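This one's a predicted model, so the numbers in the text were calculated from it and none came from an experiment. Both counts, for ligands and for their atoms, begin at 1 and track the order of listing.
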Amino acid sequence: MAPDGLFIGGAWRQAASAFEVLDPATGRVAARVADATARDALQALDAAADAQPSWAATAPRARAEILRRAYELVTERAEALARLATRELGRPLAESRAEVAYAADFLRWFSEEAVRVGGEHRTAPSGDYRIVTARVPVGPCYLITPWNFPLAMVTRKVAPALAAGCTVILKPAEATPLSALALAELLAEAGVPDGVVNVVPTTAPAEVTGALLGDGRLRKLSFTGSTEVGRLLLAQSAGGVLRASMELGGNAPFLVFDDADVAAAVEGAVTAKMRNSGQSCVAANRFLVHEAVAEEFTGALRERLAALEVGREVGPLIDGDAVERVDGLVGDAKRRGAEIRLGGAPHAGPGWFYPPTLLTGVPEDAAITRQEIFGPVAAVAAYPDEPSMVAAANAAPAGLVAFLFTRDLGRAMRVGAALEAGMVGVNRGLVSNAAAPFGGVKQSGLGREGGLEGIDEYLEVKYLAVP
Ligand code: SIN
């Protein structure tokens, strides 16, 4: 039985009411989960604030070993966790298994990083004292995670926070709270002390978030979600001058040059587009293809997408609104002159499926080139040369990830440097890795998650001037 309560101060409790979690593959109720109020959230902050001094004082090695144990438990229970993620996300089990492995990796990576937090010892230029720096935990953190990877987006925040010595209050997305609750149970079993991790699923995110951000004991906000909500949260965080990490929307360009290995580009495109049915902020959003290889690329991509079985290989979208939104983007592109080469209409159901869809000749003014699709729709446009492809890629206000395919190393380096993105995949359609810094530039966010940089988001530099 998966946990379905609030997790506060190391104890499970029910709330005054509960809400339904639906399975997007069937539209049926998958679970009922306790619904936190602002009062519950403040009790979670009480617990996190009380636990903060002792967790910060816990030896880094002890924190590391707890995280390592959590990694081992996630790995041992990978199948059950994958089934749980599939229950709340409706997607194929193979995709959930891949997510669980990805999620576990953040626990392992940050268990290794916990013991490597260093400082500096320098002589001041004047020579009469020393500059000693330490990196200390920020303090209690509020973590808001999205529904699209309900376990990995949680471990990507919780693991570095815990490694750094911070306590947390986690608000998982209300569409997919089950994986986060299961993780809380498992972290407690791994030895995380009471109050260090608190989980408050809620259908009242504005009230819960407002209460926490307005409380002076909170020191940090980390959010993954849309740029629109990220902007509001940044404004709200200004009141308490909170440290903020924002992993916001993308609009990834996928560039295929005339010297690319087209077969490899098609495989990369399928990965970059179809992972999680396109519901990822690093999904390829705009395929910018050199006109010399456009037809070859599009024909082969069409064949690959057409062979994918909806339901078995392509999971559903999160809800009916998502299906409507994606279908609206396809309709808009068609009205503006794009050609539908595959798919292009919602699946009959049951469930909220949209079939793999391929559009060509997508004009730059189509909404689909400016918005995150978050669905299995590939929008292709042809360009005459490298400068026009780079200019089109950089035209978006988002700058999370870009992908480029070329056989020319010089071009890969040149274009990779010119692309306005926090991450660039060269001849591959997936960049995500717990050991790599994930994050964007421009309106795609602030800060990095994972990699050597991920733990810094949860640390402050403290300087001592010592004679
Ligand atoms: C996201 O969609 O927010 C993250 C996906 C990833 O980590 O690969």
Side-chain angles (χ1 to χ4, degrees), residues 24 74 85 88-89 91 94-110 143-160 170-173 175-176 179-180 183 221-230 233 245-254 268-285 315 317-318 322 326 371-377 396 398-403 421-425 428-451 453-454 457:
V74 169
E88 59 187 341
L89 214 47
R91 71 179 168 203
E95 290 210 69
S96 292
R97 289 185 181 125
E99 184 196 342
V100 172
Y102 181 41
D105 247 358
F106 288 103
L107 295 163
R108 175 168 57 178
W109 176 259
F110 285 107
L143 314 177
I144 307 179
T145 53
W147 50 261
N148 59 344
F149 293 93
L151 191 64
M153 297 303 96
V154 171
T155 56
R156 185 153 85 183
K157 294 187 194 301
V158 169
L170 166 69
K171 187 193 82 56
T176 58
S179 297
L183 183 77
L221 166 68
S222 177
F223 169 70
T224 295
S226 70
T227 299
E228 195 187 348
V229 175
L233 290 172
S245 304
M246 296 277 140
E247 205 271 271
L248 307 178
N251 180 349
F254 187 106
V270 172
T271 303
K273 184 70 254 181
M274 297 306 296
R275 178 171 173 244
N276 218 28
S277 300
Q279 299 174 109
S280 161
C281 57
V282 287
N285 215 59
L317 301 189
I318 191 66
V326 168
Q371 286 177 29
E372 246 187 325
I373 302 170
F374 247 64
V377 180
L400 187 58
V401 66
F403 302 94
M423 303 175 282
V424 179
R428 49 180 295 123
L430 184 66
V431 296
S432 310
N433 190 312
F438 189 106
V441 299
K442 294 162 76 178
Q443 293 184 21
S444 286
L446 301 170
R448 293 294 178 268
E449 294 192 307
E453 297 78 1
E457 301 290 324

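Sorted by first and then second residue, the pairs that involve residues 274-284 and meet side-chain hydrogen bond (donor to acceptor under 3.5 Å, both in side chains), not counting sequence neighbours, are R91-N276.
With sequence neighbours left out, the side chain to side chain donor-acceptor pair (under 3.5 Å) criterion links E88 to S179. Contacts of T145 classified as side chain to side chain donor-acceptor pair (under 3.5 Å), with partners at least two apart in sequence or in another chain: none.
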Does ligand 1 have any N/O atom under 3.5 Å from a protein N/O, and what are those pairs and their distances?
from, atom 1, to, atom 2, distance (Å)
ligand 1, 2 (O), N148, ND2, 3.0
ligand 1, 2 (O), S280, OG, 3.3
ligand 1, 2 (O), C281, N, 2.8
ligand 1, 3 (O), E247, OE1, 3.2
ligand 1, 7 (O), Y102, OH, 2.6
ligand 1, 7 (O), R156, NH1, 2.9
ligand 1, 8 (O), R275, NH1, 2.8
ligand 1, 8 (O), R275, NH2, 2.9
ligand 1, 8 (O), S432, OG, 2.5

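No side-chain heavy atom of E457 sits under 4.5 Å from any side-chain heavy atom of E449.
Between the side chains of S245 and K157, not a single donor N or O lies within less than 3.5 Å of an accepting N or O.
Note: F374 and W147 have perpendicular aromatic rings, judged against thresholds of 30 and 60 degrees for the angle between ring planes.
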